[in-house]
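Working notes, beginning with the structure itself.
Lettering follows sequence order; numbering is per chain, from 1.
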2 protein chains.
Amino acid sequence: MGKTKPTKKPRGRATVRGIAAAAGVSIGSVSSVLNNRHVERRIAPETVEKIRAAAAGLGYLPNISAKRLRSGGKNNVVLALVTSFEAPIPLVNHFIIALRAAMAAGKFPQAEGAFSVMIEMFPAGRLHELPGLLTGDHFNAAILLNTTAEDDAFLNRSPLPYPVVLVNRLIAGYAAVVEAPETGSRAAEILIRAKRRRLAVIHGSPLTQTTRARVNGFMHRGAELLGRPAHEVMAGKLSETAGYDAMRAFLKRGPEIDGLYAVSDALALGAYRALKEHGLKIPSDVAVVGVGDYEISPFFDPPLTSVGVSHQALAEEASRLLLQQLGGVGAARPTVTVPLTETLRASSGHRAG
Amino acid sequence: MGKTKPTKKPRGRATVRGIAAAAGVSIGSVSSVLNNRHVERRIAPETVEKIRAAAAGLGYLPNISAKRLRSGGKNNVVLALVTSFEAPIPLVNHFIIALRAAMAAGKFPQAEGAFSVMIEMFPAGRLHELPGLLTGDHFNAAILLNTTAEDDAFLNRSPLPYPVVLVNRLIAGYAAVVEAPETGSRAAEILIRAKRRRLAVIHGSPLTQTTRARVNGFMHRGAELLGRPAHEVMAGKLSETAGYDAMRAFLKRGPEIDGLYAVSDALALGAYRALKEHGLKIPSDVAVVGVGDYEISPFFDPPLTSVGVSHQALAEEASRLLLQQLGGVGAARPTVTVPLTETLRASSGHRAG
DNA sequence: ATCAGATGCTAAATCGTTTTTGCAGATCAA
DNA sequence: TTGATCTGCAAAAACGATTTAGCATCTGAT
């Protein structure tokens, strides 16, 4: 009938072509109607209806890539936050705000301040299955969070063809932002300065690069200063419930402690409850030190002393690093160590901050 | 020289064309080199170097839209989470997980299970400035969170040309997910069942649609059952600090209360501290009810009783609704009310859950 | 009957990229 | 010297959309 071009088979997703074929018009008319330009473009009302019906019938969804390409908007720089499903991302807004701030501050002027942020999530250990990761089809640069050992091995095998910043992970050939390595030892020092001698550390299992560094630093410095090893309390995960369960079991087993280091504030909060239930007072019986990864740790009861890097600092540094690499200053892949913030609060016997 | 085509001016961002012109080769060769296909494509080593140098010199960044368009991957459905900078997004992972689950469950088969998620943030009240919002250039569908009254007015004026789901907001012509309206009244009932008679509610300022509904429901039901109005404690924001400050000032002013409703768990936590500092015990002196928007509220001391909708339920319902609209079942723009979850814990005198 | 202006649509150009095809020149074997 | 094979690259097609230019046909006025 009215076919004007060698019509393609309508396989796959509906496109303007498919609609045009179905309605017996040209793709130009289809586009005009779908963007509500049919008045200026003088499309007849009944044609408009035909096209709308065809689009609805085919379940048309525009191809965003084609739209963006064509309409050539300038904010075509796409940054990605890549994290695993299993890990929470309380950091997301920190990152977006930090990226935006870094852009506004004129790092990476090419983007003209405009960029898009995608979130890509993958099942732990399956980073390699993430579409577009290897081809670079989905984003111009990425911040990688919460990778597992398998993911790290994959990254090590196959370098990604765009700028990447790892957070709390070190892999050769990649830029990274990590917390200062003396977190654990500083925690030990805080407790020891507070006259604690029988120390314990509570951590998750398995240990990550970061939590292992914290535990090791703590154990090492504690043994060094006290000549005696600290107890190790092993929780299943880094959650409150896991911390509570592990701490409860530990206390029931009998060892007496007067100082506790938690490698996450979630564990600290869980331990709080176990300690209180066991009749122990914080800090008079047991002083507690966390890492400050919960924004509400000042409102724990008692407020939690912590030493660690703030999510905000981490996010700012990672953003800076990412844009710097995008700016393309050669092949610099620096590792940036974010300095520690020590916040002394009541949980270690200090005056509430 | 070796110019083969009427070379375009190199204005704007560098493209393969620009690199080709700079290196004196064709764009095909440029593309081959940039994608590390130069071996199979038999590009001479010195040409490879020339192209790499030109690309680096021009600060080349590929246009992601063009890449995706060309390489035609099937996951071209783009969903957006749109929220304001000011509001936290602890919900992000809930939404992504829920969207993924809904996709996997076979809602919206067109996408073949693959889709991308973008996060778009805007300054409160400036939703209308978000690039791509009106044209639909950036995503196929969106979930809108944390809009202000101005933003809502804008949405009301200019209907968006793609499926949208509003969260905790009602605007004519848009699908929405809201919490059940009886949150506030249920909170009042919990406190009154716990034999509390002198009630107060603590809330932020300005009130949002949702928090206003909570406050109104609470006040109304409280007055109805007790024949006496509840006190209103007004905090600046929905933060712990604001809650603490407001509650402290209120207690200092003298009114005695025995039941408190907090329209956010953050306010509840801030109020906890003010109450304790004032020598009041929870729940014996003052029972507290929150809304359950903090995952760690079971680990408050004492654990917080709450009535509200979980972020997870909200996210699941919003995702379902979004995909349903994408599936395009006509122009259905339903408003879905998410049922309440009531969790009785120690803060209202119940046994810890 | 003729021309001007509407009206309604098609065709083509374009966005930036990748891949396929093809062509010229060099190298090699006989 | 003549094919055959290899090298190195250019040209063109394609992805899916939007916009512009242009071509018929119709309407109404003269």
Roughly, in whole Å, what's the span from [atom1] in [X] to [atom2] in [N]?
X: A:L58; N: D:dG16; atom1: CG; atom2: C1'; value: 15 Å
X: A:F139; N: C:dT17; atom1: CZ; atom2: C1'; value: 18 Å
X: A:E49; N: C:dG8; atom1: CD; atom2: C1'; value: 16 Å
X: A:I43; N: C:dA6; atom1: CD1; atom2: C1'; value: 14 Å
X: B:E40; N: C:dT21; atom1: CD; atom2: C1'; value: 16 Å
X: B:I19; N: C:dT17; atom1: CD1; atom2: C1'; value: 11 Å
X: B:R42; N: C:dT20; atom1: CZ; atom2: C1'; value: 12 Å
X: B:I64; N: D:dC15; atom1: CD1; atom2: P; value: 20 Å

Inset, instruction - Give a yes or no answer on whether the side chain of A:R169 reaches the backbone of A:D152 with a donor-acceptor pair at less than 3.5 Å. - result: no

Inset, instruction - Without swapping roles, check the side chain of A:Q325 against the backbone of A:V164 for a donor-acceptor pair under 3.5 Å. - result: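 A pair under 3.5 Å: yes.
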
Please find the pair of heavy atoms, one from [X] and one from [Y], that lie closest to each other, and give the distance.
X: A:F85; Y: B:I96; answer: CE2-CG2, 4.3 Å
X: A:L326; Y: B:L61; answer: CD2-CD2, 3.5 Å
X: A:A142; Y: A:Y162; answer: CB-CE1, 4.2 Å
X: A:S116; Y: A:R68; answer: OG-NH2, 3.1 Å
X: B:K67; Y: B:S71; answer: O-OG, 2.5 Å
X: B:N76; Y: A:S65; answer: OD1-OG, 3.6 Å

Distances for protein N or O near nucleotides 17-20 of chain D N or O, under 3.5 Å:
{"residue": "D:dA17", "atom": "OP1", "partner": "A:Y60", "partner atom": "OH", "Å": "2.7"}
{"residue": "D:dA17", "atom": "OP1", "partner": "A:N63", "partner atom": "N", "Å": "3.1"}
{"residue": "D:dA17", "atom": "OP2", "partner": "A:V16", "partner atom": "N", "Å": "2.7"}
{"residue": "D:dA17", "atom": "O5'", "partner": "A:Y60", "partner atom": "OH", "Å": "3.4"}
{"residue": "D:dT18", "atom": "OP1", "partner": "A:N35", "partner atom": "OD1", "Å": "3.0"}
{"residue": "D:dT18", "atom": "OP1", "partner": "A:N35", "partner atom": "ND2", "Å": "2.8"}
{"residue": "D:dT18", "atom": "OP2", "partner": "A:S31", "partner atom": "OG", "Å": "2.5"}
{"residue": "D:dT18", "atom": "OP2", "partner": "A:N35", "partner atom": "ND2", "Å": "3.1"}
{"residue": "D:dT18", "atom": "O5'", "partner": "A:S31", "partner atom": "OG", "Å": "3.2"}
{"residue": "D:dT18", "atom": "O2", "partner": "A:R70", "partner atom": "NH1", "Å": "2.8"}
{"residue": "D:dT19", "atom": "OP2", "partner": "A:R41", "partner atom": "NH2", "Å": "3.3"}
{"residue": "D:dT19", "atom": "O4'", "partner": "A:R70", "partner atom": "NH2", "Å": "3.1"}

Legend entry - Sugar-phosphate, base or nothing in reach of B:T47, heavy atoms under 4.0 Å: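 Here B:T47 touches the backbone only, sparing every base.
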
Inset, instruction - Sequence neighbours left out, what passes side-chain hydrogen bond (donor to acceptor under 3.5 Å, both in side chains) with A:T148? Give chain and number order. - result: A:E150, A:D151

Inset, instruction - To the nearest 10°, let me know how far the axis at one end of the helix from C:dA1-D:dT30 to C:dA30-D:dT1 is tilted from the axis at the other, five pairs an end. - result: 70°

